2 protein chains.
Amino acid sequence: MTSPARKPSRIQTENRQRIRDAALGLFATHGFRGTTLDQIADACGMHKPNLIYYYDSKEAIHIDLLNTLMEEWLSPLGAMDAEGDPLEEIIGYIRRKMEMSRLYPRESRLFANEIVQGAPRMLPHLESTLKPLFDKQCGIIATWMKDGKIAEMHPAHLIFSIWAVTQHYADFEAQIAVLLPGDDKRAKGADQFVEMMFRKVLTP
Amino acid sequence: MTSPARKPSRIQTENRQRIRDAALGLFATHGFRGTTLDQIADACGMHKPNLIYYYDSKEAIHIDLLNTLMEEWLSPLGAMDAEGDPLEEIIGYIRRKMEMSRLYPRESRLFANEIVQGAPRMLPHLESTLKPLFDKQCGIIATWMKDGKIAEMHPAHLIFSIWAVTQHYADFEAQIAVLLPGDDKRAKGADQFVEMMFRKVLTP
DNA sequence: TCGTAACTTTACCAAATGGTAAAAAACTTG
DNA sequence: CAAGTTTTTTACCATTTGGTAAAGTTACGA
C-alpha cells in the first residue's frame, strides 16, 4: 500500500525547499502553533492547498524541518576527533557552534522552541540519534581528561554548558540586542569571551 | 475615563491568582498561541467567560504574568552587592539562579518562549526595567575587575553566560532528561559543575 | 505534437477559538 | 432580610484555521 516512491521531480525538490525555507523562519519566531499555513503560503508565494500538495499537513512540514536540519545541526559535535589535540578539538567545536549561532539563528530557535516546549515531535529522534552521538563524544572527552590533557570535570555538563552559552547568542538575541546595543563588534566580543572562558575552564 | 480602581475583593485576588497559576504552566509549555482559553479555564476549574471577567483578554493574562514575574525573576541580579566579597557575590548569584531553575522552571520557560520569539510583549519592559539594572550590575562587576578582585573579562558577556548556563537546565530539561537519565543526582551534579566552572573562570 | 501525469488555483467546509450577552446565583451590607 | 453588587453560568457568535474537492493549467516524455 506504500506509494511507488519515485524519484522526486525538479519542481518537487525546488518547491519543497521553498516551503521549508519559509516555514523555518516562521516556526522559529512564532512557534508551531503560532504559525499558520496561510503565513507559510504567503512567505513562499504559494497558495495554501499547494502546500498540502507537497506536505500532508502543517505538522508534516514541521517534522520534515526538524529531521532535515537535525543532522547538520549536530555535525560539529561528531567532528570532534579523538585523535586530535584535545583542547583544540573542543575549542574548535565551540568556534563552530558560535559560527552556527551567527549564521543559522533560525535553526537554533526552531530547536529551542521545540525543546522548551518539551520536544513533543523530537523526543524519539533525540533518543535514537542524539543520545548515541552524545554518549560517544562524552566518552572521548572523558578519555582526554583521564589522560590529563584537559581539566577533569563532568563531560556531559561540559557539553551542556557549551550548548547553553553558544546557542544563547542566537536564541536570546532579542534580549542581547537590548542590553548590548551597537551591534558592530558584538559578535567578535562574544567569540573572544566564549573562547577565553572555555580555555580557562579546560586548562588543567 | 479610568475605572475607580477600588481595592480588589478577596475573591478577585484569589481567582486572578488561580488563573495566573494555571496560565503560567500552559504558556510555559505551549507558548502563547499554543495555549487556548479553554485549556486555561479547564486547568483552573473555571469557565471561559469567567476568565474574561477577570482579564480583558488572553493577551492580558499573558502580559500580567510577564509583568508580575519579571520583578522576582530579576531580584537575584539586583542582590549582588558592591560591598560584598566579589567572588562570593557572583557565586552566590549563580547558586540562586540554579536554585530558581530548579524551583521555578515554568517561569524560566515562560520568559524563554517570550524572548526566543523576539520578546513581542516584553521589549519595552526589558528596556525600562532590565537594562538599567543590568548596566548597574555590569558596572559593579567592572569595578571588581579593575580592583583585581576577579579576573578581567567583558562583564556583559559574563552575565550572559551565567544566564545561559543556569537557565539551560530549566529551559532544555526535556533534552537533558534524555541525555542524562537517572535524575537522582542530576541537580547536584549540575550545581557542582556550574560552580566549579565559574570559580575557575573568575579566579584572577 | 499530442496525451498524460504533475502541478496550481478557486471555491469551499467543519472544527476550533477568542470573545460577548445576558440571565442566574452568590455574596455583601445597610 | 432585603436590595444591590459581585461573581458564575449558559447560550451564542464571528473569525480564523487546517484541510478538501475538483476544475484548470502547465510540463514532459513518447
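In what follows, chains are A, B, ... by sequence order, proteins preceding strands, each numbered from 1. Everything numeric here is computed off the predicted structure, so don't read it as measured data.
- A salt bridge links Arg199(B) with Glu195(B); the closest basic N to acidic carboxylate O contact falls under 4.0 Å.
- Seen from the ring of Tyr169(B), Arg102(B) does not count as a face-on cation partner, given the 6.0 Å and 45° thresholds.
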Exercise. Ring pair (Phe, Tyr, Trp, His ring centres under 6.0 Å) between His62(A) and Phe32(A): does it pass, once the steps are laid out?
Worked result: CA-CA 7 Å; His62(A) 195 235; Phe32(A) 178 73; 4.9 Å; yes

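- If you take OH of Tyr55(A) and P of dG18(D), they are 17 Å apart, rounded to a whole angstrom.
- To the nearest angstrom, C1' of dT6(D) lies 14 Å from CD of Glu14(B).
- Both Arg18(A) and Phe32(B) lie near DNA chain C, and the one whose nearest nucleotide falls closer to the 5' end is Arg18(A).
- Contact check of residues 44-54 of chain A against DNA chain D (heavy atom, cut-off under 4.0 Å) returns Lys48(A), Pro49(A), Ile52(A).
- Between the NZ atom of Lys58(A) and the P atom of dT16(D) there is a distance of 15 Å, rounded to whole Å.
- In this structure, Ile11(B) places its CD1 atom 14 Å from C1' of dT29(C), rounding to the nearest Å.
- Along DNA chain D, the nucleotide closest to Arg33(B) and the one closest to Asn15(B) are compared, and the more 5′ of them pairs with Asn15(B).
- The side chain of Gln12(B) places an N or O atom within less than 4.0 Å of a non-bridging phosphate oxygen (OP1 or OP2) of dT7(D).
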For this session: Take Phe193(B) and Phe198(B) through the ring pair (Phe, Tyr, Trp, His ring centres under 6.0 Å) test and state the conclusion after the steps.
Result: CA-CA 9 Å; Phe193(B) 173 85; Phe198(B) 281 103; 8.9 Å; no

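- The CG atom of Leu37(B) sits 13 Å away from the C1' atom of dT20(C) (whole-angstrom rounding).
- Within 6.0 Å of atom CD in Glu71(B), 12 or fewer heavy atoms from other residues, nucleotides or ligands are found, so the atom counts as exposed in its surroundings.
- Using a cut-off of 4.0 Å between Lys/Arg side-chain N and Asp/Glu carboxylate O, Lys146(A) and Glu152(A) are scored as not salt-bridged.
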